[in-house]
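Note sheet for the following structure.
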Amino acid sequence: MFCIKNATIHDGKEHVFKKDILIDGHTIVSVSEHIDTESEYFDAQGMHVFPGFIDPMSNWGILGPGREIRGNAEDNDEHTHVCTPEMNIIYAFNGRGIRIQQLGAFGITAVGVAPSNNNLFGGMMGVFDVDGINPFKMCIKEKAGLKACVTSDVTKFWGAKNMMPSTHMGIFQMFSEQLRNAKEYDSSKGRDPKKEAIREMLDKKMPLFVVAKKPMEVHSLLHILKDYDVDLVLASGFGLQDCEEEILEYRPAIISSVRVDGFNTDAADGDNEFLYQLYKKGIQVSLASNVDGRMCSREEMLWNGIDMYKACHDSEAVITMMTFNNAKALGVDDVTGSIEEGKRADLVIYSDHPLKTYKAEVLLTLSNGKAVYRKGDEMKCFI
């Protein structure tokens with residue numbers, strides 16, 4: 001048993017209140033005033049407690065130092081076919097590879113991990129803890145979503161091999177064909193793992209996460225998907241102000257990593273003020289470290305939150321975009337993403353509000369009830 005007392009709690013659902021939090025093992029068992037306990041406690045008077053941040057679409061645990069993962073390798077990037085929806089990210093995930101990155105030092109307690117952006121359909125995503133060794137024990141949810149990409153990342157990679165698709169015309173023809181074939185799939189006539197995986201998504205057993213960076217990509221994607229009942233998570237944020245009518249009609253969830261991503265030339269078209277307006281209109285907006293599939297820094301999740309706060313001045317909405325909305329997009333909001341009784345003890349205690357002041361420090365991060373970072377722990381730079 002462990003108790004956090006006198007805390008200013010930000011619950012991840014835009015509520016702020018002062019209460020105690022009682023944790024039993026991996027689980028929050030009570031959020032109430034003046035919990036009387038003889039167990040170990042942390043006096044959080046004057047401090048701020050948040051749900052652990054969730055990086056919803058990343059390659060953490062895939063890239064890392066060569067001694068942990070094959071040198072310069074991306075084990076989430078299958079080059080044998082442009083459509084590999086049957087691939088499962090859990091077989092690429094390296095527990096030690098993410099553990100040494102010390103994500104807990106920046107308040108991150110869970111990550112959505114995805115295949116790369118090079119394939120049209122890259123494979124199935126997973127949600128993982130940030131501390132451990134065995135990926136199967138670290139996995140919070142397997143098959144959390146089917147990852148697709150309709151950007152020039154696909155045409156550049158496969159066009160260089162003189163293979164289809166080498167144009168956006170080819171991307172969307174192939175995308176439409178894959179959906180149609182999966183919809184007509186009949187396993188009694190012989191098993192096809194590719195069609196089977198896409199059919200699972202069409203049957204709403206998992207959402208479809210699609211990276212689309214330019215307005216014309218979003219227009220084409222939503223035009224094709226209007227004929228299907230798909231739970232869509234749009235990983236974009238770039239130029240979406242030109243797609244407002246279609247977004248409000250289709251109402252996809254959105255994952256964004258705009259503005260602070262200096263390596264992404266499309267980020268200049270991002271508009272956090274517009275994303276906040278979509279959020280206020282009921283669109284489920286989430287923030288990520290990046291949606292580009294590249295290696296990123298541990299700080300980027302927080303940087304994107306700070307940048308969003310500068311645009312909207314609504315700190316609790318931004319915290320929701322970093323916690324509960326991310327859990328909801330990944331289908332794990334029943335177990336994490338907010339501070340509620342019965343949920344995993346995924347929490348971060350800051351000395352102040354991290355969106356409002358750079359003086360805020362992480363004092364303690366709990367992932368599934370385990371302390372993965374305490375102020376004073378040795379910090380190493382692996383990125």
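Just so you know, these numbers come straight off a predicted model, no measurement behind them.
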CG on Asn326 to CD on Gln284, rounded to 0.5 Å: 8.5 Å
Under the side chain to side chain contact (heavy atoms under 4.5 Å, CB included) test, residues paired with His219 that sit two or more places apart: Pro215, Cys243, Glu246
Where Ala144 and Phe209 come nearest, the two heavy atoms and their spacing: O-CE1, 3.8 Å
Closest heavy-atom pair, Val130 versus Ala110, reported as atoms and distance to 0.1 Å, is CG1-N, 3.7 Å
Scan for ring pair (Phe, Tyr, Trp, His ring centres under 6.0 Å) pairs involving residues 102-126, sequence neighbours excluded, and state none if there are none. Phe121-Phe175
Residues in ring-ring contact (aromatic ring centres under 6.0 Å, His included) with Phe93, at least two apart? Phe128
Exercise: identify the closest heavy-atom pair between Thr151 and Glu217: CA-OE2, 3.4 Å
Is a side-chain N or O of Ser176 found less than 3.5 angstrom from the main chain of Phe172, in a donor-acceptor match? no
Please go through Ile133's hydrophobic cluster and name the other residues, only I, L, V, M, F, W, Y counting, with side-chain heavy atoms under 4.5 Å joining them. none
Salt bridge (Lys or Arg N to Asp or Glu O under 4.0 Å) partners of Glu361, counting only residues at least two apart: Lys375
According to salt bridge (Lys or Arg N to Asp or Glu O under 4.0 Å), who are the partners of Lys194, at least two apart in sequence or on a separate chain? Glu86
For the pair Ser152 (side chain) and Thr155 (backbone), establish whether a donor and an acceptor sit closer than 3.5 Å, ignoring hydrogens and angles. no
Ring-plane angle category for Phe50 and His353, please: parallel below 30°, perpendicular beyond 60°, tilted otherwise. perpendicular
Sorted by first residue and then second, give each salt bridge (Lys or Arg N to Asp or Glu O under 4.0 Å) pair with at least one member in residues 168-191; sequence neighbours left out. Arg191-Glu196
Just do the side chain to side chain donor-acceptor pair (under 3.5 Å) check on Asn119 and Lys147 with the steps written out, would you? CA-CA 9 Å; Asn119 288 353; Lys147 163 72 181 297; over 6 Å; no
Trp60 versus Ser289, closest heavy-atom pair with distance: NE1-OG, 4.3 Å
By side chain to side chain contact (heavy atoms under 4.5 Å, CB included), Ala327 pairs with (sequence neighbours left out) Ile54, Val332, Asp333, Thr336
Using the rule side chain to side chain contact (heavy atoms under 4.5 Å, CB included), only one of Glu200, Lys205, Met201 pairs with Lys143; which is it? Glu200
Report, as yes or no, whether the 6.0 Å neighbourhood of atom NZ on Lys156 holds more than 12 heavy atoms from other residues, nucleotides or ligands. no
Going by atom type alone, with no hydrogens or angles, which donor-acceptor pairs under 3.5 Å involve a side-chain atom of residues 1-12 and a protein atom two or more places apart or on another chain?
unit_1	atom_1	unit_2	atom_2	d
Lys5	NZ	Asp20	OD2	2.9
Lys5	NZ	Ile35	O	2.7
Asn6	ND2	Asp43	OD1	3.0
His10	ND1	Glu316	OE1	3.1
His10	ND1	Glu316	OE2	2.9
His10	NE2	His48	ND1	2.8
Asp11	OD1	Lys13	N	2.8
Asp11	OD1	His15	N	3.1
Asp11	OD2	His15	ND1	2.9

So, taking the atom named OG in Ser351 and the one named NZ in Lys359, what distance separates them when rounded to the nearest 0.5 Å? 10.5 Å
Is a donor on one side and an acceptor on the other found under 3.5 Å between the side chain of Asp346 and the backbone of Ser367? no
Tyr185: hydrophobic cluster co-members (side-chain, 4.5 Å): none
Sequence neighbours excluded, every pair satisfying ring pair (Phe, Tyr, Trp, His ring centres under 6.0 Å) that has a member inside residues 142-168: His79-Phe157
For residues 117-137, pull every pair meeting salt bridge (Lys or Arg N to Asp or Glu O under 4.0 Å), keeping only residues two or more places apart or in separate chains. Arg99-Asp131, Asp129-Arg344, Asp131-Lys370
Hey, is Asp203 close enough to Arg199 for a salt bridge, meaning N to O under 4.0 Å? yes
